[in-house]
Amino acid sequence: MKAAKLLLLAGDFVEDYEIMVPFQALQMVGHTVHAVCPGKKSGEQVRTAIHDFEGDQTYSEKRGHNFTLNATFDDIDVNDYDGLVVPGGRAPEYLRLNERVLDIVRHFAHADKPIAALCHGPQLLAAAGVLTGRKLNAYPACGPEVTLAGGTFVKLDFSEAYVDRNLVTAPAWTAHPAWLAKYLEVVEAHLAVPVA
């Protein structure tokens with residue numbers, strides 16, 4: 001597979017596994033991954049949260065690791081990137097209030113570049129207005145947002161992922177194997193298309 005340059009959108013209290021695992025796994029297979037956060041520079045950190053399923057009516061939350069960013073949000077040029085990764089957790093809830101974040105999401109959606117969004121990550125896609133006519137999955141509690149944003153929420157098992165053209169989604173970190181495998185397929189197909 002050709003190497004891709006991928007952008008990962010982060011924020012404080014992003015879900016720990018949902019940023020750490022894709023960040024490391026995508027680099028492991030040879031891709032460059034730049035993790036950025038609005039208002040922060042390369043070398044600075046975001047705090048993460050660990051969400052788990054422990055028999056309660058919703059997930060539990062515990063303090064996670066600190067995650068070190070490796071690129072500066074204000075310096076990125078979206079045209080330099082082949083794909084976008086949007087982890088979940090609580091970060092998407094407030095990142096969707098940042099107009100530049102929404103413009104970044106719109107760039108990848110309108111250019112049909114690969115987008116991987118997990119768990120609460122589709123909240124950013126909904127706020128960016130790029131879900132009309134799309135089929136996708138998210139954490140089930142985000143299903144109404146997907147529908148209200150014009151998308152079709154596809155119910156999946158928590159170990160499954162869904163692909164709609166350039167968009168790869170899944171319900172939570174429990175789906176990492178399927179979600180990352182399908183995203184890699186979408187990235188590889190994107191890289192195989194000759195640049196005009």
Side-chain angles (χ1 to χ4, degrees), residues 6-23 35-40 46-53 57-61 64 67 69 73 76 78 81 83-110 113-156 158 160-176 178-180 182-183 186:
L6 306 172
L7 183 65
L8 189 155
L9 290 174
D12 281 323
F13 297 104
V14 61
E15 210 291 323
D16 189 289
Y17 298 161
E18 293 175 11
I19 191 168
M20 299 278 189
V21 173
F23 180 75
V36 297
C37 174
K40 297 196 181 197
V46 293
R47 294 179 178 210
T48 73
I50 296 172
H51 297 103
D52 209 348
F53 308 98
Q57 291 180 327
T58 189
Y59 53 84
S60 62
E61 181 174 274
F67 177 86
L69 304 163
F73 182 81
I76 61 168
V78 292
Y81 295 92
L84 178 67
V85 179
V86 184
R90 285 197 285 130
E93 178 184 304
Y94 69 87
L95 288 177
R96 62 186 168 174
L97 302 177
N98 183 304
E99 195 57 40
R100 179 144 190 251
V101 169
L102 298 181
D103 285 342
I104 288 169
V105 171
R106 290 181 192 117
H107 165 82
F108 285 93
H110 296 152
K113 293 181 181 181
I115 299 172
L118 188 66
C119 199
H120 287 71
Q123 288 181 318
L124 286 183
L125 308 181
V130 299
L131 293 184
T132 301
R134 303 305 300 267
K135 293 181 179 179
L136 66 148
N137 183 263
Y139 187 71
C142 297
E145 289 178 68
V146 167
T147 303
L148 288 168
T152 298
F153 182 77
V154 178
K155 292 183 181 180
L156 296 178
F158 267 68
E160 297 176 325
Y162 191 82
V163 179
D164 179 1
R165 295 192 337 258
N166 65 316
L167 179 59
V168 183
T169 53
W173 56 261
T174 49
H176 273 153
W179 180 66
L180 287 168
K182 289 181 185 299
Y183 185 59
V186 171

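- Between I115 and V130, the closest side-chain pair of non-hydrogen atoms is not below 4.5 Å.
- For the atom pair CZ of F53 and CZ of F158, the computed distance is 5.0 Å after rounding to the nearest 0.5 Å.
- Remark: side-chain polar atoms of W173 are paired, donor with acceptor, to backbone N or O of H51 under 3.5 angstrom.
- Taken from OG1 in T174 to CD in E18, the straight-line distance is 8.5 Å, to the nearest 0.5 Å.
- A donor-acceptor pair under 3.5 Å is formed between the side chain of Y94 and the backbone N or O of D12.
- Taking CG of L102 as the reference point, atom CZ of R100 lies at 12.0 Å (rounded to 0.5 Å).
- Salt bridge E160/K155: absent, no basic N to carboxylate O contact under 4.0 Å.
- Using a 4.5 Å heavy-atom cutoff, the side chains of L125 and L167 are in contact.
- Closest approach of V21 and L180 over heavy atoms only: CG1-CD1, 4.1 Å.
- Around atom OH of Y17, no more than 12 heavy atoms belonging to other residues, nucleotides or ligands sit under 6.0 Å away.
- Side-chain atoms of F73 and K40, non-hydrogen and from C-beta on, never get closer than 4.5 Å to each other.
- Residues H120 and E15 are not in side-chain contact: their nearest non-hydrogen atoms beyond the backbone lie 4.5 Å or more apart.
- Taking the side chain as every heavy atom from C-beta outward, L118 and H176 approach each other to under 4.5 Å.
- Between I19 atom CD1 and F67 atom CZ the span is 4.0 Å, to the nearest 0.5 Å.
- Using modelled atom types, one finds no donor on one side chain facing an acceptor on the other under 3.5 Å when comparing T169 with N137.
- The minimum heavy-atom distance between G11 and C37, with the atom names listed, is CA-SG, 3.7 Å.
- Going from atom CG of L84 over to atom CD1 of I104 covers 8.0 Å, rounded to the nearest 0.5 Å.
- Side-chain contact check for Y183 versus L6: some heavy-atom pair is nearer than 4.5 Å.
- Side chains of V168 and P114 form no contact here, defined as non-hydrogen atoms less than 4.5 Å apart.
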Could you walk me through whether V85 and L9 pass side-chain contact (heavy atoms from CB on, under 4.5 Å), step by step? CA-CA 7 Å; V85 179; L9 290 174; over 6 Å; no
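- Of the charged side-chain nitrogens involved, at least one lies within less than 4.0 Å of a carboxylate oxygen, so that D103 and R106 count as a salt-bridged pair.
- Side chains of L8 and F23 form a contact here, defined as non-hydrogen atoms less than 4.5 Å apart.
- Put simply, the residue from K182, K135, R134 that forms a salt bridge (Lys or Arg N to Asp or Glu O under 4.0 Å) with D164 is R134.
- Considering CG of L95 and CZ of R90, their distance stands at 12.0 Å, rounded to 0.5 Å.
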